[in-house]
Amino acid sequence: MTKSFYLTTPIYYVNGAPHIGHAYTSIASDVLARFKRLDGYEVFFLTGTDEHGQKVEKAAAEAGLDPQSFTDKVSADFKDMTRVMGVSNDDWIRTTEERHKVSCAELWRRIAASGDIYLGHYEGWYAVRDEAFYDESELTAKPDGAKVAPSGAPVEWVREPSYFFRLSAWQDKLLKFYEDHPDFIAPTSRRNEVMSFVKGGLHDLSISRTTFSWGIPVPDAPGHVMYVWLDALNNYVTACGFPDESSPRWHHWPADVHVVGKDIIRFHAVYWPAFLMAAGLPVPKRISSHGWWVVEGEKMSKSLGNVIEPRKLVETYGLDQIRYFLLREKPFGADGSMSHPAIVSRINVELANDLGNLAQRSLSLVARNLGGVLPARGSLTEDDAGLLDAAAALPDLVRACMDRQTFHEALEDIWKVIRAANGYIDRQAPWALNKTDKVRMGEVLRVLVDTIRVVATLLQPYMPDSMARMLDQLGVPPGDRSLAGLATPLADGLTLPPPQGVFPRYVEPVA
RNA sequence: GGCGGCGUAGCUCAGCGGUAGAGCAGGGGAAUCAUAAUCCCUUGGUCGGCGGUUCAAAUCCGUCCGCCGCUACCA
């Protein structure tokens with residue numbers, strides 16, 4: 001029986017263009033998906049777009065398009081970004097698809113059947129100009145007594161019929177769930193925040209709207225469309241075939257990991273499990289959240305005009321280089337910064353010098369001094385064994401990091417071995433052995449090839465194209481590139497292709 | 001205001017009760033197989049301040065200072 005693994009990115013809201021944050025979430029998820037495939041899992045990796053709600057309706061109107069044409073266009077743009085980032089998703093879901101409407105209607109019915117939905121009134125201070133509701137505490141009074149929003153817009157008390165989800169009834173069950181599943185929310189700091197939020201008391205949640213129509217209709221309630229988050233979150237279940245439990249995909253639910261940005265933890269860690277428990281469906285196993293990127297020392301924002309277009313980065317530095325940088329430069333859960341010098345330093349020091357040059361110098365010695373014929377191992381010296389043992393320990397270390405989504409730690413562990421290999425080649429000096437002891441030279445080079453093979457195998461999820469080329473040069477058959485394949489040694493006497501640089505140094509373009 | 005986190009070498013950070021660590025940057029040397037890449041050695045910190053607990057504190061407790069996060073919905 002094959003182990004299966006289901007992970008998701010958030011579905012991206014189509015009221016704006018894709019930026020580096022979207023690319024980051026998708027790439028990190030992709031690394032995890034690729035690693036799990038490499039580790040023998042049957043992976044289902046989902047991403048897509050979230051297309052309903054008032055903001056989309058408004059953005060469409062501003063673009064002079066009907067909502068469906070507008071979302072078709074933006075969704076396609078996100079899909080293109082995903083492809084350019086090398087993301088290996090197994091499905092692309094859009095909330096405007098028929099399968100999703102069916103799924104949402106059924107989810108609603110199940111929650112309603114449990115008694116957790118009731119009809120009430122949504123009311124509050126509404127600023128027409130901002131198209132937003134404000135809490136009493138956010139308002140300020142003008143000298144004449146009129147209340148105004150933080151933006152200065154006048155507010156009025158409005159009241160409309162709305163269905164509510166009885167979230168307040170789930171407070172204790174959620175807290176118990178968090179206690180029983182300490183790994184449900186990562187990192188721990190976010191878990192603490194969520195728990196503290198829930199402990200503070202939960203209000204019932206308004207889950208339908210009557211003031212606009214771009215949404216999924218509430219069953220048997222003309223005029224009501226579903227709250228966008230109920231609609232959006234449910235995509236994860238829709239993609240598993242819900243409500244058709246005979247679907248070949250249904251066994252994937254519940255998800256193993258929902259990868260999210262820190263801004264949407266609450267929706268995933270509070271509302272989503274409550275909706276699911278109310279509907280009698282299993283709850284996902286883990287919500288893993290990441291931090292933000294700061295660009296050239298400044299927070300990225302549309303108003304500052306420093307929004308990074310991910311496809312532009314790929315054009316400038318290369319896809320694998322960017323994938324590597326994004327996962328290496330900062331811990332997953334934390335905020336971090338990117339800058340041109342930082343990217344160039346990672347590319348030139350770690351990819352070109354440490355790894356690229358290690359492979360190149362090792363393989364060129366095999367090519368030149370051994371006619372490209374892969375030598376056999378000899379009896380291992382202490383130095384040989386030390387390096388090989390360090391490499392052999394890597395798969396377990398990396399697997400543990402992947403399960404915690406500490407992507408940068410896995411890279412640190414891998415680079416320790418790469419640095420050790422550079423130390424080893426210098427100590428053993430196979431170029432000198434070429435004149436004194438050709439047999440020993442071959443043994444040393446074989447230790448290096450075997451070590452680089454482990455490293456390249458484990459780096460495939462991060463840099464699929466570059467590592468495919470490196471593994472080609474190492475003579476690893478395509479069928480032996482999984483973690484399990486590491487158990488199959490390369491055949492002695494194999495003829496290796498002539499080595500070619502995998503990671504060119506980044507050179508500043510001449511102005 | 002409440003709750004939580006952080007403050008360690010020039011930079012980014014690890015360590016979280018037992019003689020201060022890594023990577024990068026800086027300095028010196030070796031080597032020349034390799035993408036002038038690599039390797040070795042080295043400079044550098046009263047671990048935010050002040051008190052306390054302890055035979056022993058970056059590491060536990062208190063307090064102060066400075067940053068940051070969370071403190072509910074129309075994504």
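Residue numbers begin at 1 in each chain, while the letters A, B, ... track the order of the sequences.
Stacking of Arg266(A) on the aromatic ring of Phe197(A) is recorded, both the 6.0 Å distance cut-off and the 45° axial limit being met. Taking the ring axis of Tyr122(A) as reference, the NZ or CZ atom of Arg209(A) stays within 45° of it and closer than 6.0 Å to the ring centre.
Between Arg361(A) atom CZ and A34(B) atom P the separation is 10 Å, expressed in whole Å. Per the geometry, CZ belonging to Phe78(A) stands 12 Å off C1' belonging to A75(B), to the nearest Å. In this structure, Ile425(A) places its CD1 atom 12 Å from C1' of A31(B), rounding to the nearest Å. Between the CD1 atom of Ile264(A) and the P atom of C70(B) there is a distance of 14 Å, given to the nearest Å. One atom, CD1 of Ile207(A), and another, P of A75(B), lie 15 Å apart when rounded to the nearest Å. Between the CG atom of Asn369(A) and the C1' atom of U32(B) there is a distance of 14 Å, rounded to whole Å. Following rounding to the nearest Å, Asp426(A) (CG) and U32(B) (P) show an atom-to-atom distance of 10 Å. For Ile185(A) and G4(B), the CD1 to P distance is 17 Å, given to the nearest whole Å.
Nucleic acid contact class of Leu202(A) (heavy atoms, under 4.0 Å, all strands): base. In this structure, Asp354(A) reaches the sugar-phosphate backbone alone: every heavy-atom distance under 4.0 Å involves primed, P, OP1 or OP2 atoms, never a base. Using a 4.0 Å heavy-atom distance criterion, Gly336(A) is classed as making no nucleic acid contact. At a threshold of 4.0 angstrom between heavy atoms, the contacts of Asp50(A) with the nucleic acid are absent. Residue Arg427(A) is classed as having no contact, given no heavy-atom separation below 4.0 Å to the nucleic acid. Among the atoms of the strands shown, only primed sugar atoms or phosphate atoms (P, OP1, OP2) are found under 4.0 Å from some heavy atom of Ser364(A). Looking at heavy-atom distances under 4.0 Å, Ala232(A) makes no contact with the nucleic acid at all. Residue Gly356(A) is classed as a base contact, given a heavy-atom separation below 4.0 Å to a base. Counting non-hydrogen atoms under 4.0 angstrom, Val502(A) reaches a base of the nucleic acid. Residue Phe197(A) is classed as a base contact, given a heavy-atom separation below 4.0 Å to a base.
Taking the six-membered ring for Trp and the full ring otherwise, the centers of His268(A) and Tyr236(A) sit less than 6.0 Å from each other. In this structure, the ring of His19(A) has its center no less than 6.0 angstrom from the ring center of Tyr24(A).
With hydrogens and angles ignored, the 3.5 Å screen pairs no side-chain donor or acceptor of Asn15(A) with any backbone N or O of Lys55(A).
Comparing C11(B) with C73(B), their C1' atoms are spaced 42 Å from each other, to the whole Å. With both ends at atom P, the span from G10(B) to G26(B) equals 15 Å, rounded to whole Å. Rounded to the nearest Å, the gap between the P atom of U63(B) and that of C3(B) is 11 Å. A distance of about 13 Å separates the P atoms of C13(B) and C6(B), rounded to the whole Å. The C1' atoms of U8(B) and A22(B) are separated by 12 Å, rounded to the nearest whole Å. A31(B) sits 15 Å from C40(B) when the P atoms are compared, rounded to a whole Å. Only the P atoms considered, A58(B) is 8 Å distant from A20(B), to the nearest whole Å. For A9(B) and G15(B), the P atoms lie 15 Å apart once the distance is rounded to whole Å.
Of the N and O atoms on the side chains of Thr316(A) and Tyr506(A), not one donor lies less than 3.5 Å from an acceptor on the other residue.
Shown here is Gln500(A), whose CD atom has no more than 12 heavy atoms of other residues, nucleotides or ligands within 6.0 Å. Other residues, nucleotides and ligands place no more than 12 heavy atoms under 6.0 Å from the NZ atom of Lys73(A).
Here the NE2-OH distance, from His121(A) to Tyr163(A), works out to 11.5 Å after rounding to the nearest 0.5 Å.
Glycosidic conformation of A58(B) is syn; the angle stays within 90° of 0.
Taken residue by residue, residues 434-441 of chain A places no heavy atom nearer than 4.0 Å to RNA chain B.
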Apply salt bridge (charged side-chain N to carboxylate O under 4.0 Å, His left out) to residues Asp403(A) and Arg286(A) and explain how you reach the verdict. CA-CA 10 Å; Asp403(A) 285 337; Arg286(A) 184 169 168 92; over 6 Å; no
Arg404(A) vs Asp183(A), test: salt bridge (charged side-chain N to carboxylate O under 4.0 Å, His left out). Steps then yes/no. CA-CA 9 Å; Arg404(A) 294 194 304 266; Asp183(A) 295 326; over 6 Å; no
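Pairing analysis of RNA chain B (Watson-Crick: purine N1 to pyrimidine N3 plus N6-O4 or O6-N4; G-U wobble: N1-O2 and O6-N3; both under 3.5 Å) yields stems of 3 or more pairs at B:1-7 with B:65-71, B:10-13 with B:21-24, B:26-30 with B:38-42, B:48-52 with B:60-64.
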